[in-house]
Undergrad: 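Dropping the structure in here first, questions after.
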2 protein chains.
Amino acid sequence: MRKLTLIDKLLQNAEEKCQAAGGRFTNKRRDILENLIRAEHPLSAYDLVELYNQSSEQKIQAMSVYRILDFFIEMQLVHKLPTLNKYVVCSHLACKHNHKDQYFVVCKNCGDAQEIAMNPTLTKELNESVSSVGFQLIDAQFELLGLCNACASKASN
Amino acid sequence: MRKLTLIDKLLQNAEEKCQAAGGRFTNKRRDILENLIRAEHPLSAYDLVELYNQSSEQKIQAMSVYRILDFFIEMQLVHKLPTLNKYVVCSHLACKHNHKDQYFVVCKNCGDAQEIAMNPTLTKELNESVSSVGFQLIDAQFELLGLCNACASKASN
DNA sequence: TAAAGAAATGATACAACATAACATTGAAGG
DNA sequence: CCTTCAATGTTATGTTGTATCATTTCTTTA
Ligand SMILES: [Zn+2]
Ligand SMILES: [Zn+2]
Ligand SMILES: [Zn+2]
Ligand SMILES: [Zn+2]
């Protein structure tokens, strides 16, 4: 019996989370998620349409991809990055726990994104800052623009 | 001699900032900025096209509005809110100083946005968090989703 | 002040991102 | 089976943003 690959495990974990929430993990959803996992960087919805239509016998349309992405975002398996109009798998796909506050750093040069868990102090500071102007926080996810390690060291050469 | 209104003062201040940076403050730019100031909430580029074409003898095209917005963003007189695909005037239009780190809270209910200056502690925490993963920050501006004071109190009725 | 150069805008076309609305298919439960 | 609801198909259209080349307007300077 063949050992499960890492991706198999991620997909299996994702399936469990979907089913636990009463959602189905259809073939289309599985394939879209797998493509996004393998990409290892943010993709647009239309990137995913192309990828799917190249790698599969079947065809999918943009409308369906958007619906599937919405579903995964609801399940917290995928995040949307509004500054890029792209989507990326949650870095906690392998974890059992549901993650809390996180943000993304986006590399201006290579476009890669990294999900960063907020430490308690940062969360606290942010919450205090927001509530000090009478605002009720619903979702703290955000993106910061900068240079990743790799690109920063290249740039300084 | 008529007293200058608040908006006149804001526009005058904006003009000075543009000229100090070697940019022109043309009539089109002035009118677009004035429309955005008067709106008092975020507008899309096409909202601004419509507003201009309704309120002016002349006509403007989307392309020009995008260029004007880019110019104002460069001048730090306008900010883009990527989660809304909308634009809003900087809350420091009346100040002489150039503002530093800030973020926006966006009301999920009414769509209003409020610009919040980051306090030193928050800036420090954020910088430390980012650099701890080897990332170099370029732009810390971001948006948080929630409920504004007015909408929160309505909702609890 | 006329010519040259640079900045701003016009005009047209199109690319990229996203949703509306209604029809059809397919899985799960009784 | 058959009902029901979730998921997807299908088509059309709305929204956001950029590319490209032409023209106008302002500024500089010879
Ligand atoms: Zn995540
Ligand atoms: Zn990079
Ligand atoms: Zn500002
Ligand atoms: Zn509100």
Side-chain angles (χ1 to χ4, degrees), chain A residues 14-15 17-33 35-36 39 42-53 56-75 77-88 106 111 113 143, chain B residues 14-15 17-33 35-36 39 42-53 56-75 77-88 106 111 113 143:
Chain A
E15 178 165 16
K17 285 187 185 175
C18 291
Q19 287 171 346
R24 294 184 208 152
F25 199 68
T26 63
N27 288 337
K28 289 240 153 90
R29 286 176 175 174
R30 207 203 95 100
D31 291 352
I32 292 290
L33 188 59
N35 285 339
L36 193 51
L43 295 183
S44 77
Y46 280 84
D47 290 340
L48 285 166
V49 170
E50 247 191 279
L51 249 186
Y52 184 96
N53 288 340
S56 166
E57 303 291 308
Q58 306 197 53
K59 299 299 160 203
I60 201 166
Q61 275 158 311
M63 186 68 255
S64 292
V65 170
Y66 278 105
R67 283 189 285 223
I68 288 171
L69 287 170
D70 285 346
F71 170 74
F72 283 141
I73 289 168
E74 188 91 13
M75 295 292 115
L77 300 173
V78 166
H79 299 296
K80 175 167 189 179
L81 303 176
T83 65
L84 302 176
N85 293 319
K86 290 188 173 161
Y87 304 82
V88 68
V106 173
E143 304 149 80
Chain B
E15 178 164 16
K17 284 187 184 173
C18 291
Q19 287 170 347
R24 295 183 206 153
F25 199 68
T26 63
N27 287 337
K28 288 240 153 90
R29 284 177 176 173
R30 205 202 96 99
D31 291 352
I32 291 290
L33 188 60
N35 284 339
L36 193 52
L43 295 183
S44 76
Y46 280 85
D47 290 340
L48 285 166
V49 170
E50 246 190 280
L51 249 187
Y52 183 96
N53 288 340
S56 166
E57 303 290 308
Q58 306 197 53
K59 297 299 159 203
I60 200 165
Q61 274 155 314
M63 185 71 257
S64 292
V65 170
Y66 277 105
R67 283 189 287 223
I68 288 172
L69 288 170
D70 286 346
F71 169 75
F72 283 141
I73 289 168
E74 188 90 13
M75 297 291 115
L77 300 174
V78 167
H79 300 295
K80 174 168 189 180
L81 304 176
T83 64
L84 302 176
N85 293 319
K86 292 190 170 160
Y87 304 83
V88 69
V106 174
E143 303 147 80

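So that the names make sense, note that chain A is the first sequence line, chain B the second, and so on, each numbered from 1. Values reported hereafter were calculated over all heavy atoms of this structure, with side chains retained and with hydrogens, waters and symmetry mates removed. Quick caveat, the model's predicted, so the values are computed rather than measured.
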Undergrad: Base, sugar-phosphate, or nothing: which does A:Arg29 touch, judged by heavy atoms less than 4.0 Å apart?
TA: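 If one applies the 4.0 Å heavy-atom cut-off, A:Arg29 turns out to touch the sugar-phosphate alone, with no base involved.
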Undergrad: Please report, rounded to the nearest Å, how far the P atom of C:dA18 is from the CD1 atom of A:Ile60.
TA: 16 Å
Undergrad: Can you check the B:Glu74 CD to C:dA8 P distance for me, whole Å?
TA: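 Atom CD in B:Glu74 sits about 11 Å away from atom P in C:dA8.
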Undergrad: Would you mind reading off the distance between B:Asp31 atom CG and C:dT9 atom P, rounded to a whole angstrom?
TA: 11 Å
Undergrad: Measure CG/A:Leu43 against C1'/C:dC17 and give the value in whole Å, please.
TA: 15 Å
Undergrad: Which of these nucleotides, D:dA7, D:dG17, C:dT9, is closest to any side-chain atom of B:Tyr66?
TA: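 Among D:dA7, D:dG17, C:dT9, the one nearest the side chain of B:Tyr66 is D:dG17.
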Undergrad: Find the distance A:Gln61:CD to D:dA7:C1' and express it as a whole number of Å.
TA: 14 Å
Undergrad: May I ask you to verify if any side-chain N or O of B:Thr26 is less than 4.0 angstrom from the OP1 or OP2 atom of D:dC26?
TA: no
Undergrad: Any N or O donor-acceptor pair linking the side chain of A:Tyr46 to the base of C:dA15 at under 3.5 Å?
TA: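 Donor-acceptor pair under 3.5 Å: no.
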Undergrad: Let me know the distance between CG of B:Leu48 and P of D:dG17, rounded to the nearest Å.
TA: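 For the pair B:Leu48 CG and D:dG17 P, the rounded distance is 12 Å.
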Undergrad: Can you name the nearest heavy-atom pair linking A:Pro82 to A:Glu143, along with the distance?
TA: CD-OE2, 2.6 Å
Undergrad: Less than 4.0 angstrom between a side-chain N/O of A:Lys28 and OP1 or OP2 of D:dG9, yes or no?
TA: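 Yes, such a contact exists.
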Undergrad: Between A:Met63 and A:Ser44, which residue's closest nucleotide on DNA chain C lies nearer the 5′ terminus?
TA: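 That would be A:Ser44.
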Undergrad: Which one of A:Phe72, A:Phe71, A:Tyr66 satisfies the side chain to side chain contact (heavy atoms under 4.5 Å, CB included) criterion with A:Ile68?
TA: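 Passing option: A:Phe72.
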Undergrad: Could you check how far CZ of A:Phe25 sits from P of D:dA7, rounded to whole Å?
TA: 13 Å
Undergrad: So what does B:Lys80 touch, heavy atoms closer than 4.0 Å: a base, only the sugar-phosphate, or nothing?
TA: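 It contacts sugar-phosphate atoms only.
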Undergrad: Side chain of B:Asn85, heavy atoms from C-beta onward: which of D:dG17, D:dT11, D:dA7 has the nearest atom to it?
TA: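 For B:Asn85, the side-chain atoms sit closest to D:dG17.
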Undergrad: Assess whether one donor atom and one acceptor atom, taken from the side chain of B:Arg67 and the base of C:dG10, lie less than 3.5 Å apart.
TA: yes
Undergrad: Hey, could you give me the CD/CZ distance between B:Gln61 and B:Arg67, rounded to the nearest 0.5 Å?
TA: 9.0 Å
Undergrad: Taking all atoms of both residues into account, what is the closest heavy-atom pair of A:Asn35 and A:Leu51, and its distance?
TA: CB-CD1, 3.8 Å
Undergrad: Report yes if at least one side-chain N or O of B:Tyr87 is closer than 4.0 Å to OP1 or OP2 of D:dG17; otherwise report no.
TA: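 Yes, such a contact exists.
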Undergrad: Using every non-hydrogen atom in the two residues, find where B:Val78 and B:Leu36 come nearest and quote the distance to one decimal.
TA: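 Nearest heavy atoms, B:Val78 then B:Leu36: CG2-CD2, 3.9 Å.
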Undergrad: Which whole-number value in Å describes the distance from B:Asp70 CG to D:dT18 P?
TA: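 Roughly 7 Å, once rounded to whole Å.
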